[in-house]
**Student:** 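Okay, handing you the structure first.
Hydrogens, waters and symmetry mates are skipped; everything else that's a heavy atom, side chains included, is used. So you know, we letter chains A, B, ... as the sequences are listed, proteins then strands, and number each from 1.
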Amino acid sequence: MATGASFFITTPIFYVNDVPHIGHGYTEVAADVLARWHRQRGDDTFLLTGTDEHGQKILRTATEHGVTPKEWADRLVEDAWHPLLRTLDIANDDFIRTTQPRHEAGVRRFVQDLYDKGYIYPGEFEGYYCVGCEEYKQESDLVEGTGEFAGQRVCAIHSKPVELLKERNYFFKLSEFTQPLLDLYERQPDFIRPDSARNEVVQFVRQGLTDLSISRSSFDWGIKLPWDPAHVLYVWVDALMNYATAVGYGDAAAAFARRWPPQMHLVGKDILRFHAVIWPALLMAAGLPLPEHVFGHGWLLVGGEKMSKSKLTGIAPTQITDVFGSDAFRYYFMRAISFGHDGSFSWEDIAARYEAELANGFGNLASRVLAMIVKYFDGTVPEAGDVTPADRVVLDLVGQAPAAADARFLDFDINGGTAEIWRLVDVLNGYITEQEPWAVAKTGDIARLGTILNTAWRGIGALAVLLSPIIPKACATLWSVLGEGDVRDVTITAADRWTERARPVVHTIAPLFPRVDASEVPATPVPRHQA
RNA sequence: GGCUGGGUAGCUCAGUUGGUGAGAGCGCACGACUCAUAAUCGUGAGGUCGAGGGUUCGAAUCCCUCCCCAGCUACCA
């Protein structure tokens, strides 16, 4: 495999200080499903994720814990972020850390290049600095002071006056890219997806961009500027560069040429601006090809509001996988949320879909088909005889589903593609109930019975292939009784021809999605202020 | 305040460029069946498509005004 077109997809790198929640998990799963789909259709696929480890906040928390920032990051990567990927069955091809030499070297080369080309210049950064917070504040972070500070602008957190400080910084000429970016959005309307995200960005850029301060000299936990080691690079520029350094920017020309540019940067809409404005501007300045798409997905809503730790609605991925398993996590968020829109999460909803769709729908379908082949044919898959119109409907759907789903996934329509495949689950359950193979068995019409079960068997095999990117564990289990080898090696766009790898004899298996006791399902948290 | 998106059956949501009596899943009621994880299949009840105007032969779908909800309003990520 891997002889087809390049499909390089990225997720944001995790800020190591964060605590993993289902929002991180959602992004990773979506990227992983798309990557697995492309990989299984033969594309030269590369899924990248990693961690963002520089910056003042990490330096500060590391110091508070009495360790070096690198030790702090090492600990979090091992304890939090690698486990997140394992928990959700993410098959990433690489995991880059911004503290790795390959990254730091590439970043230095990149900024030196921009400096040499005249896109970076020294300037004065002026801002309101809060001594308590030890950082600069935006106008919007300030409030009117009260009491002894009445009439002054004070920090919203410390309620003390801020100081107007000037710092000598290096700036990137972002302002020069206002028009080139608008041209880009115009020329390539699907550069930013979905349209709602694009509208946000276009409106923002139309107001005009100001140059971006890209260095700091007040702390040193970051990548030093090659021409002025007193400054470290602004963490966002540092972080964005991971997409390039991970695939060999400035170091491995052949590898870089193979992967670059990315087909898709998948990000949450909170960081869309960095990816759809600053990042393409940096790439334009460097003369590098731009990514094909930046996709801003929606929020996970709990109780009607963006999930939030401070409102006590934050949920850890393991809370869900401990109860329902990783496949259910993956399926639920891919199926229930219109990709690109915000989506509501509730325990009641995931429990209902788990039972109705995974357990009663797909899992039970596999059970009943295998059970009947075992019961009526001792497990030997029967040949199909004369095909009736009812059989034809099923067989046609099996034949059409791969292309129909493929079209959706190529358009990043994950929930649409999943729904397309799921039609087969529903049709097969209906087909079996209507054909009543158990009644046919009593009549002694073995030929007809064989045709029915052969048809159903073709269907569940196709499902094992098609659903593999979404629910890999269950599909691997099902495939182990149906076919030879690894299901991921069956070309997904030819899933209807899976029978070329079929095993002649099947056996029954434990339920793919065993029922979950309602008492194990937690109550959905309510946003704090609503409680 | 400005910007973006949303307000459609009890719940979660679809509804292409306006056109047969407004849809799906879940939930609920009734019925069929027994291969299967007490699973499956069928039928049915249920909606002033946020409010009010307007354009049109005809609008959930276009225009205007308003109400409500969420998010964003850049150098912490």
**Student:** Side chain of A:Glu357 only, please: which of B:U40, B:G25, B:C33 is the nearest?
**Tutor:** B:G25

**Student:** Donor-acceptor pair under 3.5 Å: do we get one between A:Asn364's side chain and the base of B:A36?
**Tutor:** yes

**Student:** From the set B:U4, B:U37, B:C75, return the single nucleotide nearest to any side-chain atom of A:Glu200.
**Tutor:** B:U4

**Student:** Can you establish whether the number of heavy atoms outside A:Glu64 located under 6.0 Å from its atom CD is more than 12?
**Tutor:** yes

**Student:** In whole angstroms, how far is the C1' atom of B:C13 from the CG atom of A:Asp349?
**Tutor:** 10 Å

**Student:** Want to know the stems of RNA chain B: at least 3 consecutive Watson-Crick or G-U pairs with distances under 3.5 Å, which are they?
**Tutor:** B:1-7 with B:67-73, B:10-13 with B:23-26, B:28-32 with B:40-44, B:50-54 with B:62-66

**Student:** With sugar-phosphate meaning primed atoms plus P, OP1 and OP2, does A:Ala371 contact a base, only sugar-phosphate, or nothing at under 4.0 Å between heavy atoms?
**Tutor:** sugar-phosphate

**Student:** Of the nucleotides B:U37, B:A14, B:A36, which has the atom closest to the A:His341 side chain?
**Tutor:** B:A14

**Student:** With respect to the side chain of A:Ser338, which nucleotide from B:A14, B:C35, B:C41 is positioned closest?
**Tutor:** B:A14

**Student:** Please walk me through it: do A:Tyr331 and A:Phe362 pass ring-ring contact (aromatic ring centres under 6.0 Å, His included)?
**Tutor:** CA-CA 12 Å; A:Tyr331 173 80; A:Phe362 179 56; 9.0 Å; no

**Student:** Please state how far atom OH in A:Tyr332 lies from atom C1' in B:U12, giving the value in whole angstrom units.
**Tutor:** 8 Å

**Student:** OP1 or OP2 of B:C13 sitting under 4.0 Å from any side-chain N/O of A:Ser344?
**Tutor:** yes

**Student:** I want to know whether A:Phe333 and A:His297 have ring centres closer than 6.0 Å.
**Tutor:** no

**Student:** Looking only at side-chain atoms of A:Ala352, point me to the closest of B:C26, B:A39, B:C35.
**Tutor:** B:C26

**Student:** Base, sugar-phosphate, or nothing for A:Gln203, non-hydrogen atoms under 4.0 angstrom?
**Tutor:** sugar-phosphate

**Student:** Suppose we call two aromatic rings close when their centres sit under 6.0 Å apart. Are A:Phe324 and A:Tyr332 close by that rule?
**Tutor:** no

**Student:** Heavy atoms under 4.0 Å, any strand shown: does A:Ser367 hit a base, just sugar-phosphate, or nothing?
**Tutor:** base

**Student:** Measuring to OP1 and OP2 of B:G5, would you say a side-chain N or O of A:Asn199 lies under 4.0 angstrom away?
**Tutor:** yes

**Student:** Using atom CH2 of A:Trp299 as one end and atom C1' of B:U12 as the other, report the distance to the nearest whole Å.
**Tutor:** 21 Å

**Student:** Check every atom of B:C35, B:A74, B:U4 against the side chain of A:Arg368 and return the nucleotide holding the closest atom.
**Tutor:** B:C35

**Student:** How long is the line joining CG of A:Asp270 and P of B:C76, in whole Å?
**Tutor:** 15 Å

**Student:** OP1 or OP2 of B:U40 less than 4.0 angstrom from a side-chain nitrogen or oxygen of A:Asn360, does that happen here?
**Tutor:** yes

**Student:** Within a radius of less than 6.0 Å around CD of A:Glu520, do more than 12 heavy atoms belonging to other residues, nucleotides or ligands occur?
**Tutor:** yes

**Student:** Which nucleotide, B:C41, B:C72, B:C35, lies nearest any side-chain atom of A:Ile432?
**Tutor:** B:C35

**Student:** So, OP1 or OP2 of B:A39: does either fall under 4.0 Å of a side-chain N or O from A:Arg515?
**Tutor:** yes

**Student:** Does the pair A:Asp413/A:Arg193 count as a salt bridge with the N-to-O cut at 4.0 Å?
**Tutor:** no

**Student:** Return the value, rounded to whole Å, for the distance between atom CZ of A:Arg353 and atom P of B:G27.
**Tutor:** 11 Å

**Student:** Classify the side chain of A:Lys375 and the base of B:C35 as holding, or not holding, a donor-acceptor pair under 3.5 Å.
**Tutor:** no

**Student:** Atom CZ of A:Arg206 to atom P of B:U73: distance rounded to whole Å?
**Tutor:** 19 Å

